[in-house]
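Ligands are counted one by one from 1 in listed order, and the atoms in each one are counted from 1 as well. Numbers for residues simply follow the sequence, beginning at 1.
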Amino acid sequence: MIVYFNDRFMPKEDVRISPDDRGFVFGDGVYEVVRAYEGRLFRMESHLRRMARSLRELRIRGPDLDQIEDVAQELLRRNELEHGDAKLYVQITRGVAPRRHTFPDPATPPTVYATASPFQPYHEQWERGVKITLMPDIRWARCDIKAVALLPNLLASQQAKERGAYEAVFVRDGAITEGSHTNFCAVFGGELVTYPKCHYILAGIMREVVLELCAELGIPVRESPVLEGELRDADELMVTGTTSEVMPVVQVDGWTVGDGKPGPVTRKLQRAFRELTQG
Ligand code: PLP
């Protein structure tokens with residue numbers, strides 16, 4: 001596998017990352033995951049814009065992000081991933097410096113690492129729907145930053161796996177915020193409701209795409225919190241993300257959503273999204 005590491009393409013096994021890298025020591029870095037469909041990177045500009053914002057919010061002096069799109073295309077090419085399904089991973093950390101909580105010298109170069117790898121689509125889950133499990137949102141109050149420090153998400157994700165669920169979905173102050181690696185939407189009487197964009201959720205690229213598709217398809221949208229107590233009144237639930245796409249939710253812990261099958265709004269969004277990625 002050929003990867004990109006600090007300005008160079010190289011075999012993955014040749015990458016050497018310092019134990020003093022702040023990504024290793026503190027989780028002091030940001031990342032993005034981008035899907036490629038038949039060699040086309042989906043919404044790359046939006047991912048790079050979000051990455052620039054994450055870097056800015058953490059005051060990390062990143063590299064020139066304009067170059068990342070070329071790097072990504074080159075990674076797809078060098079790894080023979082220009083056809084079929086692939087995903088790109090990009091990570092930038094605050095670089096290598098002696099362990100100290102305060103920031104290193106501003107001249108410290110960031111560590112930049114990127115890979116492209118094959119992606120196995122979730123065809124069966126998209127078709128049948130998945131189970132989610134609810135969990136208290138114990139994360140910090142800057143979930144809008146796509147930081148590599150993901151401990152609460154990892155704990156939640158593992159617990160979801162142990163409960164036989166596809167995703168852990170967080171509840172904060174009685175409201176559903178988002179999943180451990182997805183955003184969350186509910187449909188009530190034909191209206192799609194999702195948590196508003198703020199520091200308690202990541203502004204998902206797929207969330208944005210879903211809202212755009214709703215506008216095109218004439219599906220009304222309300223960006224406001226769904227309370228845990230309202231969930232059972234929802235006609236449809238879904239989680240969305242770059243790799244999850246539009247994932248129907250048919251079970252929440254011990255109970256079934258509607259008739260246990262993905263609903264019509266979810267299906268419409270899935271079809272419209274498929275057209276986007278095939279276009
Ligand atoms: N929320 C969290 C916490 C995530 O980690 C992710 C993606 O990894 C998402 C939402 C979905 O974001 P996107 O649609 O950009 O993949």
Give yes or no for whether the N/O distance cutoff of 3.5 Å, strictly under, is met between [X] and ligand 1.
X: Glu178; value: yes
X: Leu202; value: no
X: Gly204; value: no
X: Thr240; value: no
X: His47; value: no
X: Arg50; value: yes

Can you tell me if [X] has a non-hydrogen atom under 4.0 Å from ligand 1?
X: Val33; answer: no
X: Gly179; answer: yes
X: Ser46; answer: no

Exercise for review: Run the numbers for me: atoms of ligand 1, each under 4.0 Å from some heavy atom of Asn183, listed by number.
Suggested key: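 So the atoms of ligand 1 that pass are 10 (C), 11 (C).
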
Point to revise | Distance filter under 4.0 Å to Thr242 heavy atoms, resulting ligand 1 atoms | key: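 Result: 13 (P), 14 (O), 15 (O), 16 (O).
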
Any ion pair linking [Y] and [X] (charged N to carboxylate O, less than 4.0 Å)?
X: Lys131; Y: Glu167; answer: no
X: Glu127; Y: Arg267; answer: yes
X: Glu212; Y: Arg43; answer: yes
X: Glu82; Y: Arg77; answer: no
X: Arg49; Y: Glu45; answer: no
X: Arg207; Y: Glu223; answer: yes

Check your understanding: Looking only at heavy atoms, is any part of Cys143 under 4.0 Å from ligand 1, and if so is it the side chain, the backbone, or both, or is it neither?
Key ->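 It is neither part, as no heavy atom is under 4.0 Å.
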
Review point. Ligand 1 versus Thr182, non-hydrogen atoms closer than 4.0 Å: side chain, backbone, both, neither?
Key: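 For Thr182, only backbone atoms sit under 4.0 Å from ligand 1.
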
Review point. Closest non-hydrogen protein atom to atom 14 (O) of ligand 1, residue and atom name please, with distance?
Key: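 Sorting protein heavy atoms by distance from atom 14 (O) of ligand 1 puts Met206 N, 2.9 Å first.
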
Practice item. Considering only non-hydrogen protein atoms, determine which one is nearest to atom 5 (O) of ligand 1 and report residue, atom name and distance to 0.1 Å. Key: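 So the nearest neighbour among protein heavy atoms is His181 CA, 3.5 Å.
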
Practice item. Going by heavy-atom distance to atom 7 (C) of ligand 1, choose the closest among Arg35, Lys146, Glu208. Key: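 Residue with the shortest heavy-atom distance to the ligand atom: Lys146.
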
Review point. Is the NZ or CZ atom of Arg59 positioned over Phe103's six-membered ring, under 6.0 angstrom from the centre and within 45° of the axis?
Key: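 So Arg59 doesn't make the cation-pi contact.
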
Practice item. Report yes or no: is the cationic atom of Arg8 (NZ for Lys, CZ for Arg) under 6.0 Å from the centre of the six-membered ring of Phe5, at an angle within 45° of the ring normal? Key: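 No, a cation-pi geometry is absent between Arg8 and Phe5.
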
Exercise for review: Measure up the Tyr166 and His181 rings against each other and bin them: parallel (under 30°), tilted (30 to 60°), perpendicular (over 60°).
Suggested key: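 Geometry flag for His181 against Tyr166: tilted rings.
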
Check your understanding: Quick one: side-chain contact (heavy atoms from CB on, under 4.5 Å) partners of Arg99, sequence neighbours excluded?
Key ->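 Only Val25, Phe26, His101 meet the side-chain contact (heavy atoms from CB on, under 4.5 Å) criterion with Arg99.
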
